[in-house]
Number of protein chains: 2
Amino acid sequence: MKEIEKTLENKNVRPTAMRILIYKYMAEKKITFALTDIENAFIKADRTTLYRTLKTFEENGIVHQIDDGTGTTKYALCELGCNCEIEQDLHLHFHCSNCNETVCLTEHKIPHINLPDGYIAEDANLVLKGICEKCSGQ
Amino acid sequence: MKEIEKTLENKNVRPTAMRILIYKYMAEKKITFALTDIENAFIKADRTTLYRTLKTFEENGIVHQIDDGTGTTKYALCELGCNCEIEQDLHLHFHCSNCNETVCLTEHKIPHINLPDGYIAEDANLVLKGICEKCSGQ
DNA sequence: AGAACCAATGCAACGGAAGTGCATTTATTG
DNA sequence: CAATAAATGCACTTCCGTTGCATTGGTTCT
Ligand SMILES: [Mn+2]
Ligand SMILES: [Mn+2]
Ligand SMILES: [Zn+2]
Ligand SMILES: [Zn+2]
């Protein structure tokens, strides 16, 4: 409780009741989630509020967006010490085609790629798709 | 003309007038394109027809879809000898944040990634974002 | 405490893009 | 030519992200 408030304040985000709830939801969840997921978890909350809360969280380095190729944006809590407001943390993401869940593989960074002359890379997105550990039964 | 017809027939796609036009458009274009692009290029054609034509083309290995993270699906003609109906051609794509164009870097394959135990990769998508050669002025 | 102010929330509506059902036209086959 | 199948066009739907604006709630200043 108090801890979450501190965390938010440290990131310059006012710890409102709503925001604390949302943060809690995210912290308990191990995998990534979509706006709709969180919307279903909190019947009370308005979609827009959740949307803007996540946006605020993102702008202040609390969560990061994930584009896993499903067409719906996913979010995940940033790791401790992740400073993705300043520079991107280019870890890869895995999307399971069986359970449809997307996970951050924060240990696995996107390898450096040599581009043709003239191309300047500033950002990268690598998504692997297949069967996750839970679904592969191992 | 006749050549395009042959190409389509070889891929088991009936060479209708519309399809030949669309193929021609794609062949002239060097970069990838969205459904809307092609829609604007052919005032006459209905969006659904274009949509389904591209779908047919994709199912028969004439074009491949590209998810460049912009939210709108891009398409590009497959290379000669590309057999992406059978197995994915996992080359990377580059999206320029200046001119907003996406290009296939067919020479650059997505490197193999070691995943944690239990994860089975079947597909991959790697998109680099930044400044393209045209826009970097080199 | 009360007034003034700003941030957060909620409701409604918009817009882009993908996708589907069905009628109509066009091509293919017997 | 008739019968059949494929391709095209129109209308409509759904999904998701996004914005405008009114309302609520909390903070600060007098
Ligand atoms: Mn992540
Ligand atoms: Mn490509
Ligand atoms: Zn799974
Ligand atoms: Zn460019």
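Letters go in sequence order (proteins before strands), and every chain restarts at 1. Everything numeric in this text was worked out from a predicted model, so none of it was measured.
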- [ ] Would you check if the side chain of B:H108 reaches a backbone N or O of A:N114 as a donor-acceptor pair within less than 3.5 Å?
- [x]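 Yes: the side chain of B:H108 pairs with the backbone of A:N114.
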Just to be sure I understand the rule, does [X] reach a base, reach only the sugar-phosphate, or reach nothing, if contact means heavy atoms closer than 4.0 Å?
X: B:T56; answer: nothing
X: A:T16; answer: sugar-phosphate
X: B:R47; answer: base
X: A:T72; answer: sugar-phosphate

Atom [atom1] of [X] and atom [atom2] of [N]: how far apart are they, to the nearest Å?
X: A:N60; N: C:dA7; atom1: CG; atom2: C1'; answer: 14 Å
X: B:R19; N: D:dT8; atom1: CZ; atom2: P; answer: 5 Å
X: A:I38; N: D:dG17; atom1: CD1; atom2: P; answer: 13 Å
X: A:L50; N: D:dT18; atom1: CG; atom2: C1'; answer: 14 Å
X: A:L8; N: C:dA7; atom1: CG; atom2: C1'; answer: 15 Å
X: B:N12; N: D:dA6; atom1: CG; atom2: C1'; answer: 15 Å
X: A:E39; N: C:dC11; atom1: CD; atom2: P; answer: 12 Å
X: A:D67; N: C:dA17; atom1: CG; atom2: C1'; answer: 15 Å

Task: Any N/O donor-acceptor pair, B:T48 side-chain to D:dC10 base, under 3.5 Å - done: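 Donor-acceptor pair under 3.5 Å: yes.
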Task: hbond_proxy B:R52 side chain to D:dG9 base (donor-acceptor, 3.5 Å cutoff) - done: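 Side chain to base: pair found, below 3.5 Å.
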Which of the following nucleotides, [options], is nearest to the side chain of [X]?
X: B:Y51; options: D:dT8, C:dA18, D:dT19; result: C:dA18
X: A:D46; options: C:dG19, C:dA8, C:dC11; result: C:dC11
X: A:L35; options: C:dT28, C:dC11, D:dG17; result: D:dG17

Open item on the list: Please compare B:Y75 and A:T49 by the position of their nearest nucleotide in DNA chain C and report the one closer to 5'.
Closed with: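 Looking at the nearest nucleotide for each, A:T49 comes out on the 5' side.
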Task: Least distance between heavy atoms, A:D67 atom then A:V127 atom - done: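 Minimum heavy-atom contact is O-CG2, 3.4 Å.
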Open item on the list: Taking NZ in B:K55 as the centre, count heavy atoms belonging to other residues, nucleotides or ligands within less than 6.0 Å. Is the count above 12?
Closed with: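 Result for NZ/B:K55: open.
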Open item on the list: With a 6.0 Å cut-off (strictly less than), is the heavy-atom count around CD of A:E107, excluding the residue itself, greater than 12?
Closed with: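 Atom CD in A:E107 is not packed in, count stays at 12 or less.
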Task: Close aromatic pair by centroid cut-off 6.0 Å: A:Y75 and A:F57 - done: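 When the ring centroids of A:Y75 and A:F57 are compared, they turn out to be at least 6.0 Å apart.
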